Amino acid sequence: IFPSNIKGLPTWFTIRLSKDGFLGYTEKSEIVVVMNPQTFARDLATVKPGGVIFYTDEYKGPIERGDVVAYPMPVKKLAKETDIPANLRDYIENVVYIGILAQMLGIDFERIYQAFETHFQGKKKAVDSNFEVVRRAAKWAEENLEKRDPYRVAPMNLTDGMILGSGNAAAALGSIFGGIQFSAWYPITPSSSIAESLNEYLPMFRKAADGKATYAVVQAEDEISAVGMTVGAGWAGLRAMTATSGPGLSLMAEYLGLAYYAEVPLVVWNVQRVGPSTGLPTRTAQGDVTFSYFISHGDTKYIILIPSTLKECFEFGWQSLDIAERFQTPVLVLSDLDLGMNYWISAPFEYPDRPMDRGKILWEEDLEKMIERCQGKWGRYLDVDGDGIPYRTVMGNRHPRSGYFARGTGHDDFGKYTELPEDWEKGMKRLALKFETARAVLPEPEIRTLQGAQIGIIAYGTTHDAVEEARYLL
């Protein structure tokens, strides 16, 4: 949890350790490390009875709880005794905490060294200097703190072969493996790291033989421009995606209505946060579901995917692009800050198990056959197969009859402007049919049963971990 400002105010980082593999949050914590004296009272209140609080001895106030074990730590003093330059000592204080906790909880120091090697990318001087601080802090704890609590950690094998990552990075990787070609975005917490991850990973995987990029990532001047560019790219035939959060999605509403009615495929990742308005930009929420389903004015509705795990963020990254093109419609993926920005353990991602689904897209020879099939009357919005999904052409098709008007105004099967009520009703019924067709191919819900159960639970999104643990306890 971090504040939505640039002042560097207190931030909280939570780690869940469970021998049963549970990942959900708990109301209280067994072990709390207080690094900010100004939050001491609040942090103390979060400790379970019988729990432990480690705190900097800068805090001089009383500890008004007799049911917790308290360990003061001379963090600044220990930091000053290191060989670290004075301008870096504020940073090294974090490492002092690591050394003390490692000693008191029985954490393997070799694992800490390995973590430093990863964090500092093998820069031995940085690794060794930080590890020396850990060693000194641990020695101080061994000589000065008497173990008065029951908590220790031990390595277990439940995480063997697992990976660690954020939902936003997983979404970006999934989109890349799904063939994303274009993404326009505007920075907004908590979705920005999707585009940042695209910029990190696309150069690794998506270059042509001559070294040129086979993609474009554009930072637009605002969310309206971002979604406008994405709609244009989707209409042109590119696999296109944008990412935003609640306030940005509000600004995108009109363009999404255009894409819905003109039947333009694109994907929008909405990494939800607390609203309304600016709300709490750095707090998680799942409050955009109804808004997302009916976004924009008039009779609109959208295909929505709601990931609950890191693995599903990756899978929905590529599946959403398939679904958008197959049904020629915007697809909204509703993640949230907790899943998107925080780090989670996951089974390794699996490579897409099927080829890309571009849907009913016509090139020159395809279009010629379609014209024959329709007795010379092919139209962009004509329901040839009776499933509500028309055929489309994209830029690059050189057939003289491939062009059409992608109208946001009233139109008939052939893209011609009309205000006749029967044409409007026919078009809206076809769009509704398209969504009924989609039900058969969208990702299915996971149904888990227990013989003799008296209670049923329906859940979605990041309630997943809490519900799984609740089922275990029940």
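No experiment lies behind these values; they were computed from the predicted model shown.
- Atoms CD1 and CG, from Ile323 and Asp357 in turn, are 9.5 Å apart once rounded to the nearest 0.5 Å.
- Heavy atoms from other residues, nucleotides or ligands lying under 6.0 Å from NZ of Lys28 number more than 12.
- Contact check for Glu93 versus Met35: no side-chain heavy atoms found under the 4.5 Å cut-off.
- A pairwise comparison of heavy atoms in Ser29 and Val32 identifies CB-CG2, 3.8 Å as the closest pair.
- Between Met162 atom CE and Ile345 atom CD1 the span is 6.5 Å, to the nearest 0.5 Å.
- The number of heavy-atom neighbours closer than 6.0 Å to CE of Met395, taken from other residues, nucleotides and ligands shown, is 12 or below.
- Summarising the geometry, atom CG belonging to Leu266 is positioned 6.5 Å from atom CG belonging to Leu256; distances are rounded to the nearest 0.5 Å.
- Under a 3.5 Å cut-off, the side chain of Thr230 and the backbone N or O of Ala240 do not form any donor-acceptor pair.
- A donor atom on one side chain and an acceptor atom on the other are found under 3.5 Å apart for Ser225 and Asp222.
- You'll find the side chain of Ser335 reaches within 4.5 Å of the side chain of Trp269, heavy atoms only.
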Item to complete: List the steps, then state whether side chain to side chain contact (heavy atoms under 4.5 Å, CB included) holds for Thr284 with Met341.
Response: CA-CA 10 Å; Thr284 196; Met341 293 193 71; over 6 Å; no

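- Between the side chain of Arg111 and the backbone N or O of Pro155, no donor-acceptor pair lies under 3.5 Å.
- Annotation: side chain to side chain donor-acceptor pair (under 3.5 Å) contacts of Thr278 (sequence neighbours excluded): none.
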Discussion item. Could you walk me through whether Tyr25 and Glu469 satisfy the side chain to side chain contact (heavy atoms under 4.5 Å, CB included) test, starting with their C-alpha distance in whole Å, then the side-chain angles of each, then the deciding distance to 0.1 Å, before giving a yes or no?
Written reply: CA-CA 10 Å; Tyr25 291 97; Glu469 188 167 355; over 6 Å; no

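- Closest approach of Val127 and Glu117 over heavy atoms only: CG2-CA, 3.8 Å.
- Side-chain contact between His119 and Asn130 is absent, with no heavy-atom pair separated by less than 4.5 Å.
- At a threshold of 4.5 Å between non-hydrogen side-chain atoms, the residues Val96 and Val133 count as touching.
- The number of heavy-atom neighbours closer than 6.0 Å to OH of Tyr343, taken from other residues, nucleotides and ligands shown, is 12 or below.
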Fill in: Tyr260/Tyr302 under ring pair (Phe, Tyr, Trp, His ring centres under 6.0 Å): CA gap, chis, key distance, verdict
CA-CA 8 Å; Tyr260 171 83; Tyr302 299 84; 5.5 Å; yes

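- Between the side chain of Gln328 and the backbone N or O of Val264 there is no donor-acceptor pair closer than 3.5 Å.
- Of the possible donor and acceptor atoms, one in the side chain of Asp108 sits under 3.5 Å from a partner among the backbone N and O of Glu110.
- Contact check for Phe182 versus Val218: side-chain heavy atoms found under the 4.5 Å cut-off.
- Counted within 6.0 Å of CH2 on Trp344, heavy atoms from surrounding residues, nucleotides or ligands total more than 12; the atom is thus considered enclosed.
- Minimum heavy-atom separation, Glu468 to Phe22: O-CE2, 4.4 Å.
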Worksheet item: Would Thr39 and Trp12 count as a side chain to side chain contact (heavy atoms under 4.5 Å, CB included) if you check the C-alpha gap in whole Å, the side-chain angles of each, and the deciding distance to 0.1 Å?
Response: CA-CA 10 Å; Thr39 67; Trp12 290 264; 3.8 Å; yes

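- By the neighbour-count criterion of 12 heavy atoms within 6.0 Å, atom CZ of Phe120 is densely surrounded, having more than that number from other residues, nucleotides or ligands.
- For Gln181, the CD atom sits in a packed shell: over 12 heavy atoms of surrounding residues, nucleotides or ligands are nearer than 6.0 Å.
- With respect to Arg239 and Asp322, a salt bridge is recorded, a charged nitrogen being found less than 4.0 Å from a carboxylate O.
- Lys147 contributes no side-chain N or O that, together with a main-chain N or O of Glu142, makes up a donor-acceptor pair within less than 3.5 Å.
- The line from CZ of Phe291 to CG of Leu249 is 4.5 Å long, rounded to the nearest 0.5 Å.
- When all heavy atoms are compared, the tightest approach of Tyr186 to Glu221 is CE1-O, 3.1 Å.
- Residue Pro190 comes nearest to Ser245 through the heavy atom pair CD-OG, 3.4 Å, listed as atom of the first residue, atom of the second, then distance.
- For Tyr113 and Asp128, the side-chain atoms include at least one donor-acceptor pair closer than 3.5 Å.
- A distance-only check finds a donor-acceptor pair linking the side chain of Arg358 to the backbone of Gly237 [under 3.5 Å].
- Ser193 and Asn168 are linked by a side-chain donor-acceptor pair at a separation below 3.5 angstrom, with hydrogens and angles left out of the test.
- Defined by atom type and a distance below 3.5 Å, a donor-acceptor pair is present between the side-chain atoms of Thr462 and Gln286.
- Proximity of a side-chain donor or acceptor of Ser250 to a complementary backbone N or O of Gly246 within less than 3.5 Å is detected.
- Screening Tyr71, Phe40, Tyr97 against Tyr55 for a ring-ring contact (aromatic ring centres under 6.0 Å, His included) leaves a single residue, Phe40.
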Item to complete: Determine, stepwise, if the pair Ile180 / Arg206 fulfils side chain to side chain contact (heavy atoms under 4.5 Å, CB included).
Response: CA-CA 10 Å; Ile180 188 173; Arg206 293 290 300 283; 4.1 Å; yes

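- Looking at Lys60, its side chain does come within 3.5 Å of a backbone N or O of Asp57 through a donor-acceptor pair.
- Taking OG1 of Thr118 as the reference point, atom CG of Leu164 lies at 10.5 Å (rounded to 0.5 Å).
- The side-chain heavy atoms of Phe327 and Phe435, taken from C-beta on, include no pair separated by under 4.5 Å.
- Counted within 6.0 Å of CD1 on Ile458, heavy atoms from surrounding residues, nucleotides or ligands total 12 or fewer; the atom is thus considered open.
- Distance check: Glu312 CD to Glu446 CD gives 6.0 Å after rounding to the nearest 0.5 Å.
- The shortest distance between side-chain heavy atoms of Phe54 and Leu101 falls below 4.5 Å.
- Between Lys76 and Thr56, every side-chain heavy-atom pair lies at or beyond the 4.5 Å cut-off.
- Asp288 and Ser292 share no side-chain donor-acceptor pair at under 3.5 Å.
- Residues Pro307 and Leu334 share a closest heavy-atom pair of CD-O, 3.3 Å.
- Thr214 contributes no side-chain N or O that, together with a main-chain N or O of Ala208, makes up a donor-acceptor pair within less than 3.5 Å.
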Worksheet item: Between Phe349 and Phe177, does a ring pair (Phe, Tyr, Trp, His ring centres under 6.0 Å) hold up when you go through it step by step?
Response: CA-CA 11 Å; Phe349 304 146; Phe177 279 80; 8.9 Å; no

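- Formation of a donor-acceptor pair under 3.5 Å by the Arg136 side chain with backbone atoms of Glu81 is found in this model.
- Shown here is Arg42, whose CZ atom has no more than 12 heavy atoms of other residues, nucleotides or ligands within 6.0 Å.
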